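Data block below; observations after.
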Amino acid sequence: MALMLSAPLHAAIPVYGYTIVHRYPHDTNAFTEGLFYRDGFLYESTGMEGASSVRKVELRSGKVVQQTLLPPKIFGEGIVAWKDRLIQLTWRQHIGLVYDLASLKPIRLFRYPGEGWALTSHEDRLYMSDGTPDLRVLDANTLQQVGTIHVTADGKPVHNLNELEWVDGQLFANIWQASRIARIDPATGHVVGWIELKGLLDVSKLPNPEDDVLNGIAWDAEHRRLFVTGKCWPTLFEIRLVAPR
Ligand code: DDQ
Ligand code: CA
């Protein structure tokens, strides 16, 4: 067979679509910055100075069943559960908070350099985004950085990595102010798929279309349910991914 000199160096990154499985109510005052699912409930972190919180939410009703409010100058960001704790980042305060997961009572603070955007976990590692193409890998016990994942798509760095979720061996990351989620191979940092969620919600109809963007991914590993929402969105969606043909 003749050598195909015109063959592309990289195969195109597959773009996944979605179907909607369920719609659930979502608090339109929740400027969603962190989201995960655990034992039948969603846990959500909300941002904005004076409106930041960490809360436990009933999936079916969207009702807040438990919450802790943050001090007025603190901007809440990513959250993750680790054993019986919940860990939360702040945007530009360089402070993380450790809570008791059951009571949502704060236990202690820790510090980190740079911005804090999102958190997720796998085994004893936490993965943290800060808006740059470099995800930080933290030791979940010490909260110290032990590595970095440089995220690229077709060899180019991917900026504005925001809300994260570990799903079946991949890191899913919302791209801030875009309608896409990147599927990242944690071993290489390569984006191995995109999920295009344009059309899920007409963001232009929200009060602040530039800020009220897609952000929030939660995975119920046991029932294999994928949830997505956005900042101040009226709806949280359970979606199923559709592979490109
Ligand atoms: N982050 O999600 C990208 C980490 C932070 C977004 C902060 C957006 C602030 C908007 C402020 C608007 C004031 C009306
Ligand atoms: Ca998440």
Side-chain angles (χ1 to χ4, degrees), residues 7-18 31-36 45 47 75 77-80 87-94 96 111-123 125-140 143-198 200 203 209-219 226 228-231 241 243-244:
L9 194 54
H10 303 281
I13 298 173
V15 180
Y16 292 75
Y18 65 90
F31 196 76
T32 310
E33 293 288 7
L35 192 73
F36 67 82
S45 164
F75 197 112
E77 288 283 348
I79 48 170
V80 70
I87 298 158
Q88 182 181 39
L89 302 176
T90 60
W91 185 18
R92 289 174 163 162
Q93 285 78 46
H94 317 292
R111 287 175 187 281
Y112 53 84
E115 298 194 8
W117 284 34
L119 282 173
T120 193
S121 68
H122 177 62
E123 294 175 345
R125 292 288 183 259
L126 305 185
Y127 299 87
M128 168 177 168
S129 64
D130 59 12
T132 73
D134 294 308
L135 295 176
R136 304 181 202 182
V137 185
L138 313 183
D139 179 312
L143 303 176
Q144 295 299 304
Q145 186 172 354
V146 292
T148 303
I149 300 174
H150 183 62
V151 178
T152 57
D154 286 330
K156 291 188 277 295
V158 180
H159 296 267
N160 291 317
L161 298 170
N162 203 0
E163 227 281 307
L164 298 172
E165 191 72 17
W166 183 279
V167 181
D168 266 354
Q170 291 182 344
L171 281 162
F172 282 22
N174 270 149
I175 309 300
W176 183 51
Q177 291 183 318
S179 56
R180 284 190 171 201
I181 290 174
R183 302 180 65 162
I184 302 160
D185 174 355
T188 61
H190 294 168
V191 174
V192 294
W194 294 105
I195 305 167
E196 178 53 76
L197 295 174
K198 210 184 337 199
L200 193 57
V203 172
E210 281 186 14
D211 294 317
D212 296 348
V213 289
L214 175 75
N215 200 43
I217 315 170
W219 175 239
L226 184 64
V228 293
T229 192
K231 298 174 179 184
L241 301 187

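Keep in mind it's a predicted model, so treat the numbers as computed, not measured. When reading the values below, keep in mind they use all heavy atoms of this one structure, side chains included, and skip hydrogens, waters and symmetry mates.
- Side-chain atoms of N215 come within 3.5 Å of backbone atoms of T32 as a donor-acceptor pair (strictly under, hydrogens ignored).
- S45 places a side-chain N or O within donor-acceptor distance of the main-chain N or O of E77, the cut-off being under 3.5 Å.
- Judged by distance alone, with hydrogens and angles left aside, the side-chain atoms of Q177 form no donor-acceptor pair with the main-chain N or O of V213 at under 3.5 Å.
- When side chains are defined from C-beta on, T120 does not count as touching F172, because their heavy atoms never get closer than 4.5 Å.
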Hey, mind stepping through W194 and Y16 against side chain to side chain contact (heavy atoms under 4.5 Å, CB included) and telling me if it holds?
-> CA-CA 6 Å; W194 294 105; Y16 292 75; over 6 Å; no
For V228 and Y18, what are the C-alpha separation, side-chain angles and deciding distance, and is it a side chain to side chain contact (heavy atoms under 4.5 Å, CB included)?
-> CA-CA 11 Å; V228 293; Y18 65 90; over 6 Å; no
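- Between the side chain of E165 and the backbone N or O of V167, no donor-acceptor pair lies under 3.5 Å.
- V15 approaches P244 most closely through the heavy-atom pair O-CB, 3.4 Å.
- When atom types are taken as modelled, the side chain of D212 and the backbone of G230 share no donor-acceptor pair closer than 3.5 angstrom.
- E115 CD to T90 OG1: the interatomic distance, rounded to the nearest 0.5 Å, is 10.0 Å.
- In this structure, the separation between CD1 on I184 and OH on Y127 is 11.5 Å, given to the nearest 0.5 Å.
- Between P186 and Q170 the shortest heavy-atom distance is CD-CA, 4.1 Å.
- Side-chain atoms of H94 come within 3.5 Å of backbone atoms of G114 as a donor-acceptor pair (strictly under, hydrogens ignored).
- Between E33 and F75, the closest heavy-atom pair is OE2-CE2, 3.3 Å.
- Atom CG of L135 and atom CD of Q145 lie 10.5 Å apart (nearest 0.5 Å).
- Contact between A153 and I13 at its shortest, heavy atoms only, is CB-CD1, 3.9 Å.
- Atom CD1 of residue I181 and atom CG of residue L164 lie 10.5 Å apart, to the nearest 0.5 angstrom.
- For the pair T152/H190, a side-chain contact is recorded, criterion being any heavy-atom separation below 4.5 Å from C-beta on.
- A distance of 9.0 Å separates CD1 of I149 from OG1 of T188, quoted to the nearest 0.5 Å.
- Shown here for G216 and L35, the closest heavy-atom pair between the two residues is C-CD2, 3.8 Å.
- The CG atom of N174 sits 11.0 Å away from atom CG of N160, with the distance rounded to the nearest 0.5 Å.
- Minimum heavy-atom separation, L119 to M128: CD2-CB, 3.8 Å.
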Run the numbers on W219 and D168 for side chain to side chain contact (heavy atoms under 4.5 Å, CB included), then give the verdict.
-> CA-CA 9 Å; W219 175 239; D168 266 354; 4.2 Å; yes
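- For the pair R180 and K198, the minimum side-chain heavy-atom distance is 4.5 Å or more.
- Applying the side chain to side chain donor-acceptor pair (under 3.5 Å) definition to pairs two or more places apart or across chains, those involving residues 130-139 are D130-T132, D130-R136, D134-H150.
- Under the 30°/60° scheme for interplanar angles, the aromatic rings of W166 and H122 are found to lie parallel.
- Using a distance-only test at 3.5 Å, with no hydrogens or angles considered, a donor-acceptor pair links the side chain of S129 to the main chain of N162.
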Output, in order, the C-alpha distance, side-chain angles, deciding distance and verdict of side chain to side chain contact (heavy atoms under 4.5 Å, CB included) for R183 and L241.
-> CA-CA 12 Å; R183 302 180 65 162; L241 301 187; 3.7 Å; yes
